[in-house]
Amino acid sequence: MTLSMQRELFTPEAPPAEQTAGLFADVVFDRPLDHAFTYAVGGELRARIAVGKRVRAPFGRGDKATVGYCVRLSETPPERAVKELVGVLDDEPLLTDNLLRLTRWMADYYLCGWGQVLNAVVPAGARDRAGTRTLTFIESVPEVGLKDLETGERPVPPKQTPETGERPVPPKQTPVPAKQAAVLELLRKAGKPIEQRQLLRQAKCGPGPVEALLRRGLARRVARRVDRFVDSTQEEPAPAGPIALNEDQLVVWDQLGPALKQGGFQAFLLHGVTGSGKTEIYLRAIEEVIAQGKEALVMVPEISLTPQTIQRFRGRCGEVAVLHSHLGNAERGGHWRRVAAGQAQVIVGARSAIFAPAKRLGLIVIDEEHESTFKQESTPRYHGRDVAVMRARLENIPVLLGSATPSLESWHNAQRGQYTLLSLPQRVLDRPMPEVGLIDLRHQPLKRGRPLAISDALEHAMRSTLKDGGQVMLLLNRRGFSTHVHCPSCGHVESCRFCDLGLTYHKERDIMLCHYCGYEQEPQRNCPLCGQAAVRYQGLGTEKLQVEIEERFPRCVVRRMDSDTMRKPGSHARVLAAFRKGLIHILLGTQMIAKGLDFPNVTLVGVVNADVGLHIPDFRSAERTFQLLSQVAGRAGRGPQGGRVLVQTFTPEHPCIALAATHDYAGFVAAEMAHRRQHNYPPYQRLARIIVRSRDQQAASAFADKLADAFQRTLETMAEHSPPGVRVLGPAEAPVFRLKGYYRFHFQLQSPSAGTLHQILRAGLSVHRTPAGVEFALDVDPFDML
Ligand code: ADP
Ligand code: ZN
């Protein structure tokens, strides 16, 4: 496989071809292929083809008509004879020039097919025009005025009504009846076509008068494709005007404001503690670009796309389009089309919103830029933040990344001067950061041989908070009832049939569940291995926590928020609304409750087990734990009553826990950066991870060896000229060795520069042939290390 795609793909669109000249389209398909295929464009397709539209073309075995994207048009005939396009699917291009450039870059950077990228970035609802349909509209014929009617002068009829092809009957000399005149006046006043049935309703008449106007040539029919989607995100906008910026915010604005006024690419990293007024800065920045007649794109983690967030933007920023994967196809397509038509000033959405077809972007904002949900874990395995920075570069506009706990990658970029660092070190209105107390679980008294989910100290704090009318949030980042099901007599652990992972018992559904592949089985009382009726259900998940809390706080309303309880659309919003109204006393849940929520009455946040994510074999586990603790701590004390946080842990001395407790981001970064440097991890080195999998363990192992070998050889050849400083680590069994029935091996490439890394990846990949039954995935800048 060679990834040297043609570079001249971005020559400006060819002028409309003369009938005599040939027209050729370069087409890419949804395949891991590195090059485009050229087709001749014939006949009536010449008028319809455009770069960025989908086409149907003979492709692959048997020349099957296959859908692809047209990425280039040219009049220069290719050297070899080419096949002809079969059809053009879209009326309008689905991608702007800049989006074509961006996706091209992604294919290069993430080493996948351009067609795969295109297919992934245009939402299905936009492609199939879900939620639209063609309706008949009526409009008045412009050159005929009411005056003419009144004077009884004969209007000049149009030669033919354009859409229907009906030949109008020449109008009669008789004056227009009142009913018809009324309808016509309605149409004139509207100044735009009115849908047929709506017109009848408005005019309070039957079809007769309208038909008569059509016959007279005073009105005509037009067919229009309209959106029929229901915008479920439409809520009352939060009534809010701009707030006077505080001193810190003014310092930030002094740097950001001029860059927005000037335009041009510049990347900012806004490091602001939780509640420091970052969002207020985003809103200002957005208002500034809207005032310039431009659009702003705001990326937030999926989980923070709450009605609350959307309302905040709606209240201040005019027309807001919302794009994320939980919207139905029709609705998503509808928002997408509004953006394409320039009808939205602000686009708010999750990862995929970065591909919104906005044509006049003036700013991109990425909130919570450190969130791992910006990384897509299927092809194309892109990182939304990095793609956002690249899009800002292509659009030549500023990009603003914000976080209370910036990723080490972004922090490093700020240190190197790639990003301009802006900081908001204090909460607004002199509100203090919440006090964080650590509860050492090693010294907790046991009850029936086991620690209780909630220590006495946390229980007391909860009671006094509730007594004072405050609300409590409890974080436990593990769902289910029992997370560890085993037999104490023989040591058997109930694990997935297809994965190397323990099963979790879910009590409400009364099943054992694999959280990776969804495999389910019946819970057992007898050990399937030794037959003893002694299977133990241990380990604490959110479901069990809820039961325990409800027992201990029988008069409180307790609600749980995790992916089990939040299955139904809208349930997230409903629980949050009830919590805001004070109808819920204790809200417990997984990381879902940690992110970006602003509840002033939450005066106590409890972390039930801070160590849950800490011992995962992933070099980012400490960073993630620090971020999660900081985020959840940030939920406390957002109102004038202040607040505090209690963190239960078995490892209170671990830097990511100790430093999160003192809100010491700088301290954490210093310690963690030293660790990363020592082990050649990002951000000091670039990483690519290759995962080889097969149902046949031997085949997977052999191919992983072969691939790693190919890279090793490439390295050695390159090293003859100059040592590239690249290392191949592995291959080895992946930490989760068996997943969904596949055996998995992985290895990593570490390189000081992205350029060298890509050179080696391309060279190494060009020599292999993947054997049947084996697959491999290449992950550039990987997040998932399991
Ligand atoms: P962050 O995004 O950093 O968590 P927000 O922008 O949400 O912080 O601000 C937290 C709260 O403080 C919000 O309710 C916001 O309206 C308010 N706020 C922001 N800036 C100011 C300010 N300069 N003066 C008073 N209140 C402010
Ligand atoms: Zn499984």
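We number each residue from 1, following the sequence as shown. Remember, it's a predicted structure, so these values are computed and weren't measured experimentally. In each ligand, atom 1 is the first atom listed, and ligand 1 is the first ligand listed.
- Taking every non-hydrogen atom of E280 and a distance limit under 4.0 Å, the qualifying atoms of ligand 1 come out as 6 (O), 19 (C), 20 (N).
- Looking at R431 next to ligand 1, no N or O pair under 3.5 Å apart turns up.
- Applying side chain to side chain contact (heavy atoms under 4.5 Å, CB included) to Q249 and the options I243, I281, L256 leaves one that passes, I281.
- Scanning the protein for heavy atoms near atom 2 (O) of ligand 1, the closest one is T279 OG1, 2.6 Å.
- Residue pairs that meet the salt bridge (charged side-chain N to carboxylate O under 4.0 Å, His left out) test with at least one member in residues 508-519, sequence neighbours left out, are E508-R560, R509-E520.
- Atom 16 (O) of ligand 1 has I243 CD1, 3.3 Å as its closest protein atom, hydrogens excluded (heavy atom only).
- Atom numbering of ligand 1 starts at 1 in the shown order; those under 4.0 Å from a heavy atom of N246 are 23 (N).
- You'll find the ring centres of H383 and F783 inside the 6.0 Å limit.
- Among protein heavy atoms, the minimum distance from atom 14 (O) of ligand 1 is reached at D598 OD2, 3.8 Å.
- Side chain of K544 to main chain of G539: a donor-acceptor pair is present (N/O by atom type, distance under 3.5 Å, no hydrogens or angles).
- In this structure, the protein non-hydrogen atom closest to atom 20 (N) of ligand 1 is Q249 NE2, 3.1 Å.
- The aromatic ring centroids of Y665 and W411 lie less than 6.0 Å from each other.
- D779 has no carboxylate O lying under 4.0 Å from a charged side-chain N of R689, or vice versa, which leaves the two without a salt bridge.
- Judged purely by atom type and a 3.5 angstrom limit, R738 uses its side chain to pair as donor or acceptor with the backbone of R497.
- The shortest contact between atom 8 (O) of ligand 1 and any protein heavy atom is with G277 N, 3.0 Å.
- Only side-chain heavy atoms of R312 come within less than 4.0 Å of ligand 1; its backbone N, CA, C and O stay farther off.
- Protein N/O/S atoms found under 2.8 Å from the Zn ion (ligand 2), listed by chain and residue number: C496 SG, C499 SG, C514 SG, C517 SG.
- More than 12 heavy atoms of other shown residues, nucleotides or ligands fall within 6.0 angstrom of atom CG in D254.
- Within 6.0 Å of the CD atom in Q376, the count of heavy atoms belonging to other residues, nucleotides or ligands exceeds 12.
- In L429, the part holding a heavy atom less than 4.0 Å from any atom of ligand 1 is the side chain.
- From the protein, the heavy atom lying nearest to atom 4 (O) of ligand 1 is G275 N, 2.9 Å.
- For F737, the CZ atom is densely surrounded, since the number of other residues' heavy atoms within 6.0 Å is greater than 12.
- Contacts between A404 and ligand 1 below 4.0 angstrom, taking non-hydrogen atoms only, are absent altogether.
- The only member of Q591, E371, E368 that meets side chain to side chain donor-acceptor pair (under 3.5 Å) when paired with Q631 is E368.
- The shortest N or O to N or O distance between V428 and ligand 1 is not below 3.5 Å.
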- prompt: side chain to side chain donor-acceptor pair (under 3.5 Å) between T420 and Q255: does it pass, once the steps are laid out?
  reply: CA-CA 9 Å; T420 305; Q255 298 181 72; over 6 Å; no
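- Applying the 6.0 Å contact sphere to NZ of K740 captures no more than 12 heavy atoms from other residues, nucleotides or ligands.
- Residue-ligand proximity, V273 to ligand 1, at heavy-atom distances under 4.0 Å covers atoms 3 (O).
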